[in-house]
Number of protein chains: 2
Amino acid sequence: MSFPRQYRRTLTERSSVAGDEARAKILAIAFELMAEKGYRGTSIAQVAARAGISQSGLLHHFPSKQDLLIAVIDYRQQVDSRTLTDAAGHPLLGWAAFDALAELVRKNSERPQVVRMFSTLCAEALDADHPAHTWIQGHFADGERTLVEAIEFGIADGTMHPDIPPATVAHLTLAIMDGLQLQWLASEGSLDMAGEFEAYLEYLKITWEIVEE
Amino acid sequence: MSFPRQYRRTLTERSSVAGDEARAKILAIAFELMAEKGYRGTSIAQVAARAGISQSGLLHHFPSKQDLLIAVIDYRQQVDSRTLTDAAGHPLLGWAAFDALAELVRKNSERPQVVRMFSTLCAEALDADHPAHTWIQGHFADGERTLVEAIEFGIADGTMHPDIPPATVAHLTLAIMDGLQLQWLASEGSLDMAGEFEAYLEYLKITWEIVEE
DNA sequence: GTCTATATTTTGATAGAC
DNA sequence: GTCTATCAAAATATAGAC
């Protein structure tokens, strides 16, 4: 299949290599800066300066500071997606979901920037006036729902004890992840975040796992 | 015992009622505002306006924005002190320390402002350039040390299983507290933070408590 | 102890040339 | 697509009167 020449031309022009490179560079620097200083602590002038572009040059790609924030959040979303899904895109259920979380924590312990971005923006976005407030509420709600479903499957499955309280274990598990991130960042990486989470998972299995004999 | 008149006079003047009231009002409003918007998101003009005083009037009591932040952190420190100590000021040890934490979580679940202040400033202060960076590092280090000592006492005491890993359990317990706070704030109080922490404590005791027969 | 006035930067954003 | 020039508002802080 081939496009008529005028459409081909349009496509080429819209995604010019130089343009995308500039956009990507701005986005990467905004990500880094907002991870460290938050949305409120980051100015578009700082981002522009580090990206080696003028402030107006930046605003050509992202018309406002909020647009830049949205792009940063979207980028993080992409980086993390499919973590709790299998190769076919189906959600992981039962203990597989918890093992995937342990895998995610291990992955995160090698990218402080991504962890920092979440911890910083998450706390900042607790404020109802923050542009990412809705995002963070959805993030927590999604996390809880996903884990609750995974646990309910584990009960039905016969691999988790029927007395396990799904919502409580979901809350505690997500709390451990977020809380360990704070300690890990504050300790400048000296805390073994992945190891501690795996220890938690081990105790969880001792308490609630049902193993076939 | 009585002071010579000139000293008495000095003491009276230094802590004039009107002055302390203004200071206290400014402090309360700064606390509230920084809890919501963080240090970077709060301007001294906003604090002054809400306190019904001019910007310069505020700066008479707190010479700079940083001084205001330090006062806010000190104030929180006072509110929370003696939580892990008994009436005589001695540290609580063994399971008593964990029970005191559960009590603290229950108390916190009735003062969102205090919780919000910690969660917001904690994340903001992860940045090495933040004026409260040293404070937050000390906060985490203190928390870990206190809990590790409490657990080691419990082992020596014979009330905790000798295989309990003190540092890991300390990290997980503090992580649960901080992580639950984020979820609780994001859910606008609909999550039962105290109940979930007590559930965690129950599992912890099932796993590690040694009960006399 | 509180005020008005002011200085100096920095902020987010726009207009318009190239 | 990137720039310079510019704007209006907001920021922290100081000086000095009362």
Side-chain angles (χ1 to χ4, degrees), chain A residues 9-31 33-34 36-73 121 124-125 127 129-132, chain B residues 9-30 33-34 36-73 121 124 127 129-132:
Chain A
R9 220 173 145 241
T10 302
L11 284 173
T12 309
E13 281 177 1
R14 277 219 296 214
S15 63
S16 82
V17 175
D20 277 6
E21 268 176 13
R23 218 191 114 94
K25 183 168 188 183
I26 293 166
L27 189 52
I29 291 176
F31 189 97
L33 227 41
M34 287 189 183
E36 284 170 14
K37 316 282 182 189
Y39 171 71
R40 291 190 170 119
T42 301
S43 74
I44 46 184
Q46 285 167 350
V47 177
R50 283 212 204 173
I53 198 176
S54 75
Q55 206 183 128
S56 311
L58 185 155
L59 288 169
H60 168 76
H61 296 279
F62 304 93
S64 78
K65 196 184 173 185
Q66 273 206 36
D67 289 300
L68 192 50
L69 173 67
I70 289 164
V72 164
I73 289 174
L121 280 190
E124 203 179 29
D127 178 28
D129 295 338
H130 194 282
Chain B
R9 222 174 141 240
T10 303
L11 284 172
T12 311
E13 280 178 1
R14 276 217 299 214
S15 61
S16 81
V17 174
D20 277 7
E21 267 176 14
R23 218 191 115 95
K25 182 167 189 183
I26 292 165
L27 190 52
I29 291 176
L33 227 41
M34 288 188 182
E36 283 170 15
K37 316 281 182 189
Y39 171 71
R40 290 188 170 121
T42 301
S43 74
I44 46 184
Q46 285 167 350
V47 177
R50 284 213 203 174
I53 198 176
S54 76
Q55 207 182 126
S56 311
L58 185 155
L59 288 168
H60 168 75
H61 296 280
F62 304 93
S64 77
K65 195 184 174 184
Q66 273 206 37
D67 289 300
L68 191 51
L69 173 66
I70 289 165
V72 164
I73 289 175
L121 280 190
E124 202 180 31
D127 178 28
D129 295 337
H130 194 280

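A, B, ... follow the sequence lines: proteins, then strands. Residue 1 opens every chain.
Separating the CD1 atom of Ile26(B) from the C1' atom of dC3(C) is a distance of 13 Å, rounded to the nearest angstrom. Counting to the nearest Å, the P atom of dT2(D) and the NE2 atom of His61(A) are 4 Å from each other. For Lys25(B) and dT2(C), the NZ to P distance is 11 Å, given to the nearest whole Å. Atom CG in Leu69(A) sits roughly 12 Å away from atom P in dG12(C) (whole-Å rounding). Counting to the nearest Å, the C1' atom of dT2(D) and the CZ atom of Phe62(A) are 15 Å from each other. Here dT4(C) presents its P atom at 14 Å from CG of Leu59(B), a figure rounded to the nearest Å. Going from atom CZ of Arg40(B) over to atom P of dG12(C) covers 13 Å, rounded to whole Å. dG1(C) atom P lies 8 Å from atom CG of Asp20(B), rounded to whole Å.
No hydrogens or angles were tested; on distance alone, a donor-acceptor pair under 3.5 Å links the side chain of Ser56(B) to the base of dT4(C).
Here dT2(C) is the nucleotide among dT2(C), dA13(C), dT2(D) with the atom lying nearest to any side-chain atom of Ala22(B). Taking the side chain of Gln55(A) as heavy atoms from C-beta on, and the options dG12(C), dT2(C), dC3(D), the nearest nucleotide is dG12(C). When distances are taken from the side chain of Ile53(A) to each of dA11(D), dC3(C), dC3(D), the shortest belongs to dC3(D).
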Trace of the side-chain contact (heavy atoms from CB on, under 4.5 Å) decision for Glu36(B) with Asp129(A): CA-CA 9 Å; Glu36(B) 283 170 15; Asp129(A) 295 338; over 6 Å; no
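Ser43(B) has a side-chain polar atom (N or O) that falls below the 4.0 Å cut-off from OP1 or OP2 of dA11(D).
When Ile29(A), Val47(A), Leu68(A) are each tested for a side chain to side chain contact (heavy atoms under 4.5 Å, CB included) with Thr42(A), only one passes: Val47(A).
Note that CZ of Arg40(A) is 10.5 Å distant from CG of Leu69(A), once rounded to the nearest 0.5 Å. The distance from the NE2 atom of His60(B) to the CD atom of Gln55(B) is 15.5 Å, given to the nearest 0.5 Å.
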